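Just so we're clear, the structure is a prediction, and the values are computed from it rather than from any experiment.
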Amino acid sequence: MDEALPLCNSRELADGGLAVGFDVVYAGQTCRAFAIRFQGLPQAYLNRCTHVAMELDWLPNRVFDDSGRWLLCASHGAAYRPDTGQCVGGPCRGGLVKIMLSEREEIVYWHATYNLKPLLI
């Protein structure tokens, strides 16, 4: 069973807008992740391009292209679908690592799994 961890208030995620970043431990390694809203639904991924393991942001929390239709890696231009994380263009290998989210009572939660844990401070 996974653990639901509060991430942000629902209103912090606007369609095609700024991401909300957070830290996770993925496969034993500390990583940045981000949550966005696309077509009304919250989505989250590890902030790690599949071309080169670099964060996507070109400015803090800006992962969408100018159209708000694609997630874009600022370093090499790899483009990903916001709803699935799948590569749609540019230099990328496969898709982004998806993080399960849920939303209830105006709060967005992310779900820890066997290989995705909260960063304990």
- Message: Just verifying a value: how many Å separate L119 CG and R32 CZ, rounded to the nearest 0.5 Å?
- Response: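 Between atom CG of L119 and atom CZ of R32 there are 10.0 Å.
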Using modelled atom types only, decide if a donor and an acceptor are shared between the side chain of [X] and the backbone of [Y] within a distance under 3.5 Å.
X   : Y   : value
D65 : S67 : yes
D15 : G40 : yes
K98 : D83 : yes
N47 : F34 : no

- Message: Set out, in order, the CA-CA distance, both residues' side-chain angles and the distance that settles side chain to side chain contact (heavy atoms under 4.5 Å, CB included) for R62 and D57, then state yes or no.
- Response: CA-CA 5 Å; R62 292 197 180 271; D57 316 37; 5.7 Å; no
- Query: Cys pair C87/C92: SG distance under 2.5 Å?
  - Reply: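 In this structure, C87 and C92 share a disulfide.
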Which atom of [X] lies closest to which atom of [Y], heavy atoms considered:
X    : Y   : value
P82  : Q43 : O-CG, 3.3 Å
L56  : C49 : CD1-N, 3.5 Å
P118 : V25 : O-CG2, 4.0 Å
Y45  : G85 : OH-N, 3.1 Å

- Would Q29 and R48 count as having a side-chain donor-acceptor pair, cut-off 3.5 Å? yes
- Do the non-hydrogen side-chain atoms of M100 and T113 ever get within less than 4.5 Å of each other? no
- Pairs flagged by salt bridge (Lys or Arg N to Asp or Glu O under 4.0 Å) wherever residues 102-121 is involved - sequence neighbours left out: R37-E103
- Task: Mark yes when over 12 heavy atoms from residues, nucleotides or ligands other than R81 sit less than 6.0 Å from its CZ; otherwise mark no.
- Result: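 Open: at most 12 neighbouring heavy atoms sit under 6.0 Å from CZ of R81.
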- Message: Take a 6.0 Å sphere around CG of N115 and say whether it holds more than 12 heavy atoms from other residues, nucleotides or ligands.
- Response: yes
Show the atom names and distances, to 0.1 Å, of all donor-acceptor pairs under 3.5 Å that link a side chain in residues 68-80 to residues at least two apart or in another chain.
residue: H76; atom: ND1; partner: H51; partner atom: ND1; Å: 3.3
residue: Y80; atom: OH; partner: T50; partner atom: N; Å: 3.0
residue: Y80; atom: OH; partner: T50; partner atom: OG1; Å: 3.0

- Task: Would you mind listing the cluster partners of F22? Hydrophobic ones only (ILVMFWY), side-chain contacts under 4.5 Å, chaining allowed.
- Result: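 So far as hydrophobic clustering goes, F22 is joined with L5, L7, L13, V20, V24, Y26, L46, V97, I99, L101, V108, W110, L116.
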